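Working notes, structure below.
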Amino acid sequence: MAVGVIGLGGMPMSIEGRPDEQRSVRTIHAALDAGVTLIDTADAYHLRAGEVGHNETLIARAVASYGGDTSDVLIATKGGHLRPGDGSWTIDGRPEYIKAACDASLKHLGVDAIGLYQHHRPDPTVPYADSVGAVRDLLDAGKIRLAGISNANPEQIRQAWEILGGRLASVQNQLSPAFRSSEPELALCTELGVAFLPYSPLGGIGRAGDLGGRFAEFARVAEAHGVSPQRVCLAWLLAKGPTVVPIPGASRPETIRDSAAAADLTLTDDEVARLDAAPR
Ligand SMILES: NC(=O)c1ccc[n+]([C@@H]2O[C@H](COP(=O)([O-])OP(=O)(O)OC[C@H]3O[C@@H](n4cnc5c(N)ncnc54)[C@H](OP(=O)(O)O)[C@@H]3O)[C@@H](O)[C@H]2O)c1
C-alpha cells in the first residue's frame, strides 16, 4: 500500500497537554487536506486509566467525519504499551495480551481488520519471538492487514522478518536531529524494502517548536529556503531512504500543514551532508 511521504502522529492529541476534541478533529482534517494518508496512533495514547484507545477512537471519528475521499487512508495503531493513569508507561509483550489488545483496538477503530498493527516495544520479560509470533497470528487470522514493529534493534528486525515470513511492513523507531542512533535500523529497512517510520522526528512534544534554536544548521538551511526548520528536518529525514515516512505529531492544523509540505521540499546533497554533520 502506498502512503503520502509525511504521516501524522496522533500522540499529542491524547496525552498530557492535549487540546479539546474539536481542535484535534480540525488537525486531522487539515492533515487529510494536505495529502497525509498515514495516521499513527496506539491504544496507549491516553491520559487516564479508563481511557484506553482515546486516540484510536478520536482518529477513527475524525476520518469518518471528513468530507473527502478517505479510501487511501491507512490508520496504523500499536499494542504492547500501557498507561496505568499515573503518567507512567508500562509494557506487556505476552502473546495473549497482544491478541486481546488487538481485539480492543479493532473495536476502538470500528473496523474488521486493522490497516497496520505494530508491536509497540520489546518486553524484556517475554521472548521477542513470542510477541512477534502473536502479531504473525493476527496477520494469519486476517485481523490485521499489515504488520509492523517499533523500538526494535537490527537483530530484532531480522528476527521479525523471519517470523513474519518476509511480511514485515514497517519499523517505527526514534530518529531526529538530537537522536541519531536508529541509523543502522533505517539502513536495514532500506535493504529489506521495509517502511521506516521515524518517530519524534522533530525532537518530541515540548521540544519540537525550538528545533531551529537548538540546531543552528537546520535554521540556516531553513532560512535559505524560506521555510521552517521543522520542514527542513522532515525533508532531511526523507532524503535518508526511499522507504522513510516520518510521522510528526501535531495538535494544531498549522503545524501539520507546515510539516506535510516537506514532501515538496528537496534539499541539495550538500545541505543533507551539512545537516548530517550538524552537532547534536
Ligand atoms: N513508537 C513509539 O514508541 C513512539 C514514541 C513516541 C512517539 N511516537 C509516535 O510518533 C509521533 C511523533 O512523535 P512526537 O509527537 O513524540 O514528537 P514530534 O513529532 O517530534 O513533535 C511533536 C510536536 O511537534 C510540533 N510540530 C509538528 N510539526 C511542526 C512544525 N512544522 N513546526 C513546529 N512545530 C511542529 C507539534 O506541535 P503542536 O502540538 O503545537 O501541533 C507537536 O507537539 C507521535 O505522535 C506518535 O504517533 C511513537
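Note that ligands are numbered from 1 as they come in the structure, with each ligand's atoms numbered from 1 the same way. Because the structure is predicted, anything quoted here is derived from the model rather than measured.
Listed by first and then second residue, the salt bridge (charged side-chain N to carboxylate O under 4.0 Å, His left out) pairs involving residues 132-146 are K99-D137, D103-K143, D140-R167 (not counting sequence neighbours).
Looking at residues two or more places apart in sequence or on another chain, you find a side-chain contact (heavy atoms from CB on, under 4.5 Å) between I205 and M11, P12, I15. With sequence neighbours left out, L82 forms a side-chain contact (heavy atoms from CB on, under 4.5 Å) with T90, D92, Y97.
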L138 vs I98, test: side chain to side chain contact (heavy atoms under 4.5 Å, CB included). Steps then yes/no.
CA-CA 9 Å; L138 293 169; I98 290 170; 4.2 Å; yes

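Between N173 and F196, the shortest heavy-atom distance links the atoms CB-CZ, 3.8 Å.
Of the charged side-chain nitrogens involved, at least one lies within less than 4.0 Å of a carboxylate oxygen, so that E217 and R220 count as a salt-bridged pair.
Sorted by chain and number, the residues within 4.0 Å of ligand 1 by heavy atom are G9, G10, M11, P12, D40, Y45, K78, H120, R121, S150, N151, Q172, Y199, S200, P201, L202, G203, G204, I205, A208, Q230, I247, P248, G249, A250, S251, R252, T255, D258, S259.
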